[in-house]
Novice: 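Structure below; questions to follow.
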Amino acid sequence: MAVQGGRVEVLDLTEDRRVRSRSQLPLAGLARLVAEREAAEAPRWVWTDTNQVAPLLLAAGVRIGRCLDLRLCRTILQHAFPDQSWPEPHWPTAAIGQQPEPTLLDGLLDEDAAVDGSGEQVLAEHLRQQEAVAAAPSPGRFRLLLAAESAGALIAAEIYHDGLPWDRRVHDQILTAELGQRPAPGARPQRLAALAEVIRGLLEAPGLNPDSPVELLRALRRAGLDVTTTSKWALREVDHPVVQPLLEYKRMARLLAANGWAWMDAWVVPAADPGRKDRFHPEYVPGGVITGRWATSGGGALQLPKQIRAAVQADPGWRLVVADAAQIEPRALAAMSGDRGLAEAGRGSDLYQGLVDAGVAGSRNEAKVAMLGALYGATTGAAGLLMPRLMRTYPQATRVVEEAARTGERGGVVRTWLGRTSTLPPASWQEAQAAASQPGASAAVEARARQSARDWGRFTRNFVVQGTAAELALCWLAELRRRLALLAEVDQRPHLVYFLHDEVIVHSPGPLAEQVADEVCASLTEAARLLFGQPRVEFPLQTAIVSSYADAEH
DNA sequence: CACCCCCGCGCG
DNA sequence: AAAGCGCGCGGGGGTG
């Protein structure tokens with residue numbers, strides 16, 4: 001479909017993507033048309049931008065099964081096939097929650113849209129993308145990736161619409177207990193102000209603003225502390241009476257700035273009726289991270305601190321099904337590399353303990369440090385020391401990340417399991433490498449080039465694992481959404497309300513919660529089968545059925 | 001005043 | 001001051 005200037009053109013395509021029929025209608029009539037087609041044949045809707053259409057459908061209470069978001073797909077395909085010609089599309093893009101109001105001009109533009117045949121443009125883009133997919137080395141994987149990416153866009157729009165159930169009263173209680181009563185705008189809450197005074201006294205700096213790193217560093221050094229930064233990592237190493245209150249101050253100031261009363265007023269909408277909780281509407285950005293993870297564009301949904309998770313509360317009679325995938329990245333690496341040894345270590349709920357049992361590490365923490373070091377490219381410290389043993393024990397798995405690192409160091413691109421492709425290093429990187437290869441390049445220039453080469457190698461090393469885990473998580477979400485839709489009509493349907501890379505929360509009517517927990521687990525297993533074929537690697541989950549997010553311990 | 005960068009810290 | 005990846009956000013501090 002093509003949306004332009006308050007009207008929409010819908011092309012009905014055959015299996016082999018020929019136009020069977022077309023219709024034009026005002027945007028206001030779209031929800032009804034979609035609902036009818038959805039009930040009749042559940043088509044895959046192809047549109048340029050989910051944010052342009054989904055909010056409208058959701059507001060009308062219409063839920064669809066499948067879509068293709070051409071904007072997101074195009075980004076993936078352009079990275080994967082940069083040599084192909086990708087004519088600039090003239091698509092209006094929409095940020096979620098910011099539907100532009102119709103203007104007087106829209107009435108005039110309608111006529112243009114009609115003769116312009118924008119439906120044809122959208123169709124042309126769709127066909128171009130499908131050709132690129134068909135010509136890919138693994139078309140099936142690409143199709144799965146594009147479907148999963150699009151399902152993600154749909155889910156993000158639904159989560160934004162439905163909101164995460166929240167209790168402003170509980171949130172306020174946490175803030176008041178930590179910081180003191182809510183102050184006038186711009187003023188420090190009482191407990192925070194008192195702590196600032198203590199710090200000024202201990203540092204003998206009467207006018208000090210502890211929120212200013214520059215002022216604070218100067219005051220710390222004048223008081224004789226040997227620090228070069230005010231970060232808490234550095235402060236922890238120092239023995240001085242000001243350290244403890246200062247760390248406490250930083251913790252509290254952070255809570256106030258990031259998730260204080262101002263945040264609550266901006267992002268949490270009070271409940272419409274007493275039978276429901278309030279709602280936090282997180283703005284997710286599917287495809288917002290280079291590796292394929294989601295980003296956020298406001299509200300900081302991906303940084304919700306543990307401190308305030310008690311405010312996430314199910315509606316009366318409903319429950320939260322909280323589930324997180326255990327060690328999803330090392331397991332994804334085991335699956336994509338076909339490393340049977342690592343798969344074996346992951347048999348059971350704790351892969352890190354499996355590494356200990358296999359004799360790779362002396363303790364669980366040591367195993368975790370070693371494995372994360374392999375995924376991130378650690379060279380020094382404990383992780384660096386443990387690397388050789390990891391490489392000897394799991395040669396297939398470690399070869400995948402090592403090769404990705406070498407490719408990145410040479411300036412090449414790498415791909416995830418389903419084909420998401422990394423970007424080329426920036427021009428400045430290329431220039432640094434070129435400068436270092438000139439005869440007579442100085443040692444400093446060479447060192448800088450080597451350093452940036454290694455830096456890029458760590459990026460590509462992590463890209464293949466983080467990106468593959470992200471697409472597994474997307475397929476997990478999509479499969480879970482599909483299954484939840486079968487359980488009940490929209491009003492009483494368990495629905496996704498939160499997603500955090502490898503963790504989901506489903507808001508479910510109480511009686512369905514146990515079944516939902518089973519579906520969450522089954523969905524991840526099914527997603528892994530879709531990606532990697534017959535199961536060799538297990539993807540276990542920790543699940544909890546709770547009323548408050550804070551009660552899900554993990 | 002708007003804009004940008006840096007710092008520091010929250011999350012995985 | 002993180003050793004080692006990916007992000008967003010708010011405050012300070014500077015610039016135009």
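In this text, all values refer to a predicted model and were calculated from it rather than measured experimentally. Chain identifiers are assigned alphabetically (A, B, ...) following the order of the sequence lines, protein sequences preceding nucleic acid strands; residue numbering begins at 1 within each chain.
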Novice: Is there any side chain to side chain donor-acceptor pair (under 3.5 Å) pair reaching into residues 211-236 of chain A, and which pairs are they, with sequence neighbours excluded?
Specialist: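 For residues 211-236 of chain A: A:R188-A:D211, A:D211-A:Y249.
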Novice: Expressed in angstrom and rounded to an integer, what is the separation of A:L386 atom CG from C:dA3 atom C1'?
Specialist: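 Taking atom C1' of C:dA3 as the reference, CG of A:L386 is at 13 Å.
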Novice: Name all residues meeting the side chain to side chain donor-acceptor pair (under 3.5 Å) criterion together with A:R169; count only those two or more places apart in sequence or in a different chain, and write none if there are none.
Specialist: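 Checked A:R169 against side chain to side chain donor-acceptor pair (under 3.5 Å); zero matches.
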Novice: Please work out which residues in residues 394-421 of chain A have a non-hydrogen atom less than 4.0 Å from an atom of DNA chain C and list them by number.
Specialist: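 By residue number: none to list.
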Novice: Between A:D69 and A:N51, is there a side-chain heavy-atom distance shorter than 4.5 Å?
Specialist: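 Counting from C-beta outward, A:N51 and A:D69 never come under 4.5 Å.
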Novice: Under a plain distance cut-off of 3.5 Å, with no hydrogens placed, do A:S508 and A:R319 share a side-chain donor-acceptor pair?
Specialist: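 Absent: no donor and acceptor within the cut-off.
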Novice: Both conditions, 6.0 Å and 45 degrees, for the charged tip of A:R141 above the ring of A:W417: are they met here?
Specialist: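 Yes.
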Novice: With rounding to the closest Å, how many angstrom separate the C1' atoms on B:dC7 and C:dA1?
Specialist: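 After rounding to an integer number of Å, I get 13 Å for this pair.
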Novice: Hey, do the aromatic rings of A:F81 and A:F142 have their centres closer than 6.0 Å?
Specialist: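 Judged by ring-centre distance (under 6.0 Å), A:F81 and A:F142 do meet the cut-off.
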Novice: So, taking the atom named CG in A:N462 and the one named CD1 in A:I290, what distance separates them when rounded to the nearest 0.5 Å?
Specialist: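 If I round to the nearest 0.5 Å, the distance is 12.5 Å.
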Novice: Using a 3.5 Å limit for the pairing distances, which stems of at least 3 consecutive Watson-Crick or G-U wobble pairs does DNA chain C take part in?
Specialist: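 Stem list for DNA chain C: B:1-12 with C:5-16.
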Novice: In whole Å, I'd like the distance from the CG atom of A:N365 to the P atom of C:dA3.
Specialist: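 Going from A:N365 (CG) to C:dA3 (P), I get 18 Å.
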Novice: Relative to the 5' end of DNA chain C, which residue comes earlier, A:V214 or A:R293, by the nucleotide with the nearest heavy atom?
Specialist: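 It is A:R293 whose nearest nucleotide is closer to the 5' end.
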Novice: Does a side-chain N-to-carboxylate-O contact under 4.0 Å join A:D265 and A:R182?
Specialist: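 Salt bridge present between A:D265 and A:R182.
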Novice: So what does A:R309 touch, heavy atoms closer than 4.0 Å: a base, only the sugar-phosphate, or nothing?
Specialist: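 Sugar-phosphate, backbone atoms only, no base.
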Novice: Distances for protein N/O vs nucleotides 8-10 of chain C N/O pairs under 3.5 angstrom?
Specialist:
from	atom 1	to	atom 2	distance (Å)
C:dG8	O4'	A:Q303	OE1	3.1
C:dG8	O3'	A:T296	OG1	3.4
C:dG8	N2	A:Q303	NE2	3.1
C:dG8	N3	A:Q303	NE2	2.8
C:dC9	OP1	A:S297	O	3.3
C:dC9	OP1	A:G298	N	2.4

Novice: Do A:V312 and A:L164 come within less than 4.5 Å of each other through their side chains, counting heavy atoms only?
Specialist: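 In short, these two side chains touch, coming nearer than 4.5 Å.
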Novice: Is it true that A:R450 and A:E409 make a salt bridge, defined as a side-chain N closer than 4.0 Å to a carboxylate O?
Specialist: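 The answer is no: the pair does not qualify as a salt bridge.
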Novice: For DNA chain B, note the earliest and the latest nucleotide, 5' to 3', having some atom under 4.0 Å of a heavy atom belonging to chain A.
Specialist: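 Nucleotide range with atoms under 4.0 Å of chain A: B:dG8 to B:dG12.
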Novice: What parts of residues 221-241 of chain A reach DNA chain C, counting only heavy atoms under 4.0 Å away?
Specialist: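 Hits under 4.0 Å, by residue number: A:T228, A:T229, A:S231, A:W233.
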Novice: Salt bridge check, A:E197 against A:R200: does any charged N sit closer than 4.0 Å to a carboxylate O?
Specialist: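 Yes, this pair counts.
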Novice: Is the closest side-chain donor-acceptor distance between A:Q181 and A:T176 under 3.5 Å?
Specialist: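 There is no such pair between these side chains.
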Novice: Can you check whether A:W263 and A:F280 have ring centres sitting under 6.0 Å from each other?
Specialist: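 Centroid separation for A:W263 and A:F280: below 6.0 Å.
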Novice: Heavy atoms, side chains only, cut-off 4.5 Å: are A:L424 and A:W429 in contact?
Specialist: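 Counting from C-beta outward, A:L424 and A:W429 never come under 4.5 Å.
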Novice: Report yes if the side chains of A:T296 and A:P282 come closer than 4.5 Å at any heavy-atom pair, otherwise no.
Specialist: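 Heavy-atom side-chain distance check fails, nothing below 4.5 Å.
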Novice: I'd like to check the ring-ring contact (aromatic ring centres under 6.0 Å, His included) partners of A:Y352; sequence neighbours left out, ordered by chain and number.
Specialist: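 Listed in chain order: nothing, the list is empty.
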Novice: With the threshold set at under 4.0 Å for non-hydrogen atoms, list the residues of residues 458-466 of chain A touching DNA chain C in residue-number order.
Specialist: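 Contacting residues: A:R458, A:F459, A:N462, A:Q466.
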Novice: Please list, chain by chain and in numerical order, all residues satisfying side chain to side chain donor-acceptor pair (under 3.5 Å) with A:Q451, sequence neighbours excluded.
Specialist: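 For A:Q451 the side chain to side chain donor-acceptor pair (under 3.5 Å) partners, ignoring immediate neighbours, are A:D455.
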Novice: Do A:L175 and A:W261 touch side chain to side chain, with heavy atoms closer than 4.5 Å?
Specialist: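 In contact.
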Novice: Can you tell me the distance, in whole Å, between the CG atom of A:L390 and the C1' atom of C:dG4?
Specialist: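 For the pair A:L390 CG and C:dG4 C1', the rounded distance is 14 Å.
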Novice: Look at A:R420 together with A:E149 and state whether they make a salt bridge at an N to O cut-off of under 4.0 Å.
Specialist: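 A salt bridge links A:R420 with A:E149.
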Novice: Ignoring hydrogens and angles, state whether a donor on the side chain of A:S452 or A:Q433 is under 3.5 Å from an acceptor on the partner side chain.
Specialist: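 Distance-only check passes for A:S452 and A:Q433.
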Novice: Near DNA chain B, counting only heavy atoms under 4.0 Å, which residues of residues 173-209 of chain A show up?
Specialist: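 Nucleic-acid contacts, sorted: none.
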Novice: Under 3.5 Å, is there a donor-acceptor pair linking the side chains of A:E479 and A:S523?
Specialist: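 Their side chains do not contain a donor-acceptor pair, so the 3.5 Å distance test is not met.
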Novice: With rounding to whole Å, what would you report as the distance between C:dG6 and C:dA2 at their C1' atoms?
Specialist: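 Taking atom C1' in both C:dG6 and C:dA2, they lie 16 Å apart.
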Novice: For A:L500 and C:dC7, what is the distance between atoms CG and P respectively, to the nearest whole Å?
Specialist: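 From A:L500 CG to C:dC7 P: 15 Å.
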Novice: Taking A:V414's backbone N and O only, do any of them form a donor-acceptor pair with A:T407's side chain (distance below 3.5 Å, no angle check)?
Specialist: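 Looks like no, no N/O pair under 3.5 Å.
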Novice: Give the residues of residues 372-385 of chain A touching DNA chain C, defined as any heavy atom closer than 4.0 Å, sorted by residue number.
Specialist: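 Correct list: A:Y376, A:G377, A:A378, A:T379, A:T380.
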Novice: Are A:E402 and A:R399 close enough for a salt bridge, meaning some N to O gap below 4.0 Å?
Specialist: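 No, no charged N to carboxylate O under 4.0 Å.
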